[in-house]
Amino acid sequence: MGAVIAGFPDRAVITEVGPRDGLQSEPAFVSTSEKIRLIQALLDAGLRRFEITSFVSPKAVPQMRDAAEVLAAFRDRKDAHLTALVPNMRGAEAAIEAGVDAMVLFASASESHNLKNVNRSRAGSLAGFSEIARLAEGTGIRLQGAIATAFGCPFEGDVDVGAVVDQARAYVDLGMDHITLGDTTGMATPALVIERVQELKPILADAGLALHFHNTRGVGLACVYAGLSQGITHYESSIGGLGGCPFVPRATGNIATEDLAYLLVESGVETGTDLDRLIEAAQLAERILDRELPGQVMKAGHRLRTAPMDSVRTANG
Ligand code: ZN
């Protein structure tokens with residue numbers, strides 16, 4: 001271990017969202033066996049929390065039509081925490097039947113993005129969550145809440161921190177024990193992260209707070225740094241930087257898991273992951289999708305990767 005950053009947490013947890021958030025916007029169907037192979041590689045790299053699929057209408061998102069099969073392949077991994085995105089009652093019934101560890105319910109902090117994303121008002125979404133909470137009662141399946149557009153909305157611009165706080169409070173009241181602030185459109189900045197985290201901390205009670213950034217404007221990892229400075233220990237990312245949001249024009253992918261793991265370990269924050277194996281998993285994702293992914297550490301290797309002197313030409317400029 002090299003230098004560490006004072007004030008950062010000793011450990012952080014990465015939730016891998018590539019299998020859901022990452023693959024969801026891929027137009028060509030990724031076969032169930034390839035999805036399983038990728039998730040297995042991520043488990044082998046030490047990741048233990050996954051947003052593994054979503055129980056959405058196969059008509060709306062054909063890529064996720066194999067949700068139950070993908071989940072079934074890993075349900076026996078008791079050391080892994082497997083969540084699935086659930087948009088409505090029908091999805092919740094399917095997720096419970098399939099045996100998820102937790103259902104992730106989501107609504108946007110801005111009205112217009114929520115209408116565009118799930119065709120409901122924010123109040124309508126929250127009413128739906130109460131029904132799902134009743135359905136989940138007694139099943140042992142936990143509820144998590146994601147707040148989309150928590151740092152800005154592509155249709156409305158700035159999102160008031162008060163709207164985010166109100167939504168988090170509603171989530172806590174519904175019994176959610178884990179809340180994610182989603183930077184759906186890459187509008188987060190380090191300053192906004194610090195502001196939102198400080199406003200949210202007093203109302204979270206025992207619920208954990210996770211941060212989910214996209215690297216749309218190049219400051220995804222700087223936002224993680226801001227979160228670490230506030231003691232936040234949960235971050236979401238996708239292998240290779242897979243993904244985006246199909247309803248946000250030109251939005252690019254999530255921060256890459258291997259880049260996040262690199263930042264954490266080089267800051268003295270333990271993650272339980274193996275960087276070389278994460279890089280291999282990112283390369284596997286590239287082979288599966290047959291295109292280059294935006295992750296950077298997967299291309300350069302870890303910091304102390306050295307080469308024989310005669311293998312590199314020196315350049316004057
Ligand atoms: Zn995302």
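Just follow the structure's listing: the first ligand is 1, and inside any ligand the first atom is 1. Throughout, numbering of the chain's residues begins at 1 and tracks the sequence.
- To the nearest 10 degrees, the angle centred on the Zn ion (ligand 1) between NE2 in His212 and NE2 in His214 reads 110°.
- Note: Phe151 and Phe213 have tilted aromatic rings, judged against thresholds of 30 and 60 degrees for the angle between ring planes.
- For Asn254, the nearest N, O or S atom to the Zn ion (ligand 1) falls under 2.8 Å.
- Between Tyr225 and Phe8, the distance from one ring center to the other falls under 6.0 angstrom.
- Taking CE from Met298 and OH from Tyr262, the interatomic distance works out to 15.5 Å, rounded to the nearest 0.5 Å.
- Look at Asp21 and the Zn ion (ligand 1): an N/O/S atom of the residue is under 2.8 Å from the metal.
- Atom CZ of Phe129 is separated from atom CE of Met176 by 5.5 Å, given to the nearest 0.5 angstrom.
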